[in-house]
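First comes the structure, then the notes that go with it.
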Amino acid sequence: MYMSKLVGKTLKKIDDEFYLSSQELLIKSGMFRNIDSGIFTVLPLGVKVLDKLVDFLTKRIENLGFQRIYLSNDSEFVKNMSLSIRNEIKSYKELPVFLYDVQTLKRDKVRIKEGLFGAKEYKELRGCSFYKEDDDLSNKCNEIIENYRKMFKEIGLEVLSLSDYNPKNSGDISYSFVVKADWGDKVIYKCKDCDYTSLEEVASFNIDENASVQEAEIEEIYTPDIKTIKELENFLGIKKEDLAKTLLVKIEDEVVAVVLRGDRELNLYKLSKVLKVSVHDIKMAEDEDIKDLNTVTGFVGPVGLKGVKIIADREIYKGGLFIAGANKKDYHIKNVVAGRDFKADIVADVSYVKEEDRCPICGGSFIREYAVKIGGFYDLGKINEIKNFNYKDSSGKTREIVGIYHYIDIYKLLSALIEKHHDEDGIIWPIKIAPYHIIVSILSIKDEEKVQLGKKIYEELKGANFDVILDDRNERAGVKFKDADLLGIPVRIVIGKKASEKIVEYKLRWESEKEELKVHEALGKTMKLLKREEII
């Protein structure tokens, strides 16, 4: 490719405002153009990068046995993938089966300043693995984790695989692939003293067994028009942690009471796992939902509460005297002891971790960090929504097929790579996904000797099946150097003052030093580098 013919010019500045460096660089480098709010055009350089990234991922998963299929309807991927092969699997001998697809999807929310992260459309690689009913999906998940982590590491990206909420089967295995980033929207809690690292949605924490408290009988206290925790704190001169607040939630037609300490926030992800329902099926109960209960909005408490299942956060059951609602207007109860004054149907961890909490493994302090999610996977269990999705085992018995779903958001992966691999001058592409491996820059196109040498090197590299671009533009040397750095092409070969001596300037994008080499030395060094990176 001659750079003078390339569609997609580099830009010194852009009008769009993004808070991510990667998004600015994608526009400035001429790879993408923002043509409307949340709508991007992928220009030729961007197409090459995306194609290489998808090609890299698909080759790696195909090496693991995955086969690609095309689905015309992307709205119910797992269902449609399962229907596609339902009649193909008859025997246990035909399992496991590994399938994937790459499709352009639409996001539910558009976030303009996040660029590709929040674009209306994005590209995703999605896969399903199908297994025999008695296969250990936990081990299968670990295999998938390890293989994806190897893929990411190969292109220079350190990715964490962290336990997460399973949107399909709330109680089953689920992991997210995340990259640490100050600008990320996912919160991580990491222990300072051990390896414990967890997403906020599922993070646990250490709680102490409270010292034995002096026996005290429960006692009603008059709290006129006091409905909020803040009002109760001020009225009684107490702390939030002295309170046991009771929240009423609704799952379909059932109302459930959840009791947790006043300074804690209810974690719906943890609650969904306890109740074995989707987090989206849990709603806060409204007045109409609790009209038949023996309680009053603003004064709900666990003592004497009838007709509902009570779930108590484990912290409440670790001992201590609490103040709780009395289930009648203008009254609370003090000296409440869990287990003595009320019995919970379930005791579980249903609250969010706080930064001042301590590690559940070693008791160490937490560090609160941020990350961006680029993909994940979860255990599907039995594919119950598909009738007759089964096989015959070795004894001829009909058994259910089980599965694992996994996906990678290609646009987020691309952006995370640039966030990781860039400097003040531009992108620094990993060789495997760079749009071009080599840029040959002719510093003066008016010098025929330099032009001929540049074209000769270009043709030789192109003939060796390298991706090479020739900067044949009539621009100043400084402009060409800046653009080469902005584009992030790994190898730069400059045809300059010593062209008549067959000497060129050789530089790698990630190194500050450059060197003068004979043409054959530069070509040999380039081929050695690309061979090491398995490009040839």
Side-chain angles (χ1 to χ4, degrees), residues 205 207-268 270-272 274-275 282-352 354:
F205 53 94
I207 55 175
D208 293 324
E209 191 84 40
N210 286 340
S212 58
V213 294
Q214 184 177 358
E215 285 293 324
E217 294 297 320
I218 60 172
E219 178 184 338
E220 281 191 353
I221 48 177
Y222 183 51
T223 52
D225 295 321
I226 304 298
K227 296 182 180 181
T228 69
I229 288 177
K230 187 64 178 176
E231 290 172 342
L232 202 57
E233 277 185 282
N234 296 334
F235 185 78
L236 297 177
I238 58 173
K239 298 178 180 178
K240 286 183 180 179
E241 50 262 43
D242 297 326
L243 302 173
K245 63 182 178 184
T246 303
L247 304 176
L248 298 175
V249 299
K250 185 180 180 183
I251 301 95
E252 293 183 349
D253 295 326
E254 181 185 10
V255 175
V256 175
V258 185
V259 186
L260 62 160
R261 218 168 65 177
D263 61 330
R264 294 287 181 188
E265 294 297 325
L266 175 61
N267 186 322
L268 293 180
K270 291 181 179 179
L271 182 61
S272 73
V274 172
L275 296 174
I282 304 175
K283 311 292 182 186
M284 299 307 297
E286 299 179 357
D287 289 346
E288 180 67 21
D289 301 317
I290 65 172
K291 63 181 181 180
D292 295 329
L293 300 180
N294 59 324
T295 191
V296 178
T297 301
F299 301 93
V300 182
V303 180
L305 187 62
K306 305 292 185 182
V308 295
K309 180 187 294 182
I310 297 178
I311 298 174
D313 187 75
R314 61 198 175 116
E315 209 166 22
I316 295 292
Y317 255 75
K318 284 295 182 178
L321 299 174
F322 291 98
I323 294 172
N327 294 312
K328 66 179 183 179
K329 184 174 172 55
D330 294 337
Y331 281 90
H332 283 77
I333 300 175
K334 68 177 182 178
N335 304 327
V336 173
V337 177
R340 183 194 72 178
D341 301 314
F342 74 92
K343 295 278 194 291
D345 297 284
I346 299 173
V347 178
D349 175 9
V350 291
S351 60
Y352 273 107
K354 297 191 295 183

Checklist entry - Does CD belonging to Glu254 count more than 12 external heavy atoms closer than 6.0 Å? => result yes
### Message
Run the side-chain contact (heavy atoms from CB on, under 4.5 Å) test on Asn234 and Lys230 for me, step by step, so that the C-alpha distance in whole Å, both residues' side-chain angles and the decisive distance to 0.1 Å come before the verdict.
### Response
CA-CA 6 Å; Asn234 296 334; Lys230 187 64 178 176; 4.2 Å; yes
Would you say Asn335's side chain and Glu219's backbone share a donor-acceptor pair under 3.5 angstrom?
no
- [ ] Please confirm whether the backbone N or O of Ile310 pairs with a side-chain atom of Asp345, one donor and one acceptor, at under 3.5 Å?
- [x] yes
d(Leu243 CG, Leu232 CG) to nearest 0.5 Å is 5.0 Å
Working for side-chain contact (heavy atoms from CB on, under 4.5 Å), residues Asp289 and Leu248 | CA-CA 9 Å; Asp289 301 317; Leu248 298 175; over 6 Å; no
TODO: Answer yes or no: is there an ion pair linking Asp263 with Lys354, defined by an N-O contact shorter than 4.0 Å?
DONE: yes
- Task: Could you walk me through whether Thr223 and Phe299 pass the side-chain contact (heavy atoms from CB on, under 4.5 Å) test, one step at a time?
- Result: CA-CA 10 Å; Thr223 52; Phe299 301 93; 3.9 Å; yes
Give a yes/no verdict on a cation-pi contact between Arg340 and Phe322, requiring under 6.0 Å between NZ or CZ and the six-membered ring centre and an angle within 45° of the axis. no
When you check the gap from the basic side-chain N to the acidic O, do Asp349 and Lys270 get nearer than 4.0 Å? yes
Sorted by chain and residue number, the side-chain hydrogen bond (donor to acceptor under 3.5 Å, both in side chains) partners of Asp292 (sequence neighbours excluded) come out as none
*Would you say the side-chain atoms of Lys245 pair up with the backbone N or O of Arg264, donor to acceptor, closer than 3.5 Å?*
yes
Interatomic distance, CG@Leu305 vs CG@Leu293, rounded to 0.5 Å, equals 6.5 Å
dist Asp330:CG -> Glu220:CD (nearest 0.5 Å) comes out at 11.5 Å
Note: Glu241 and Arg261 closest approach over all heavy atoms is O-CG, 3.4 Å
d(Lys239 NZ, Glu233 CD) to nearest 0.5 Å is 10.5 Å
Check your understanding: Short question: side chain of Glu231, backbone of Thr228 - any donor-acceptor pair under 3.5 Å?
Key -> yes
Output for pair (Ile333 CD1, Asn327 CG), nearest 0.5 Å, gives 7.0 Å
- Message: For Tyr317 and Phe342, take the angle between the two ring planes, folded into 0 to 90°, and tell me which bin it lands in: parallel under 30, tilted 30 to 60, perpendicular over 60.
- Response: perpendicular
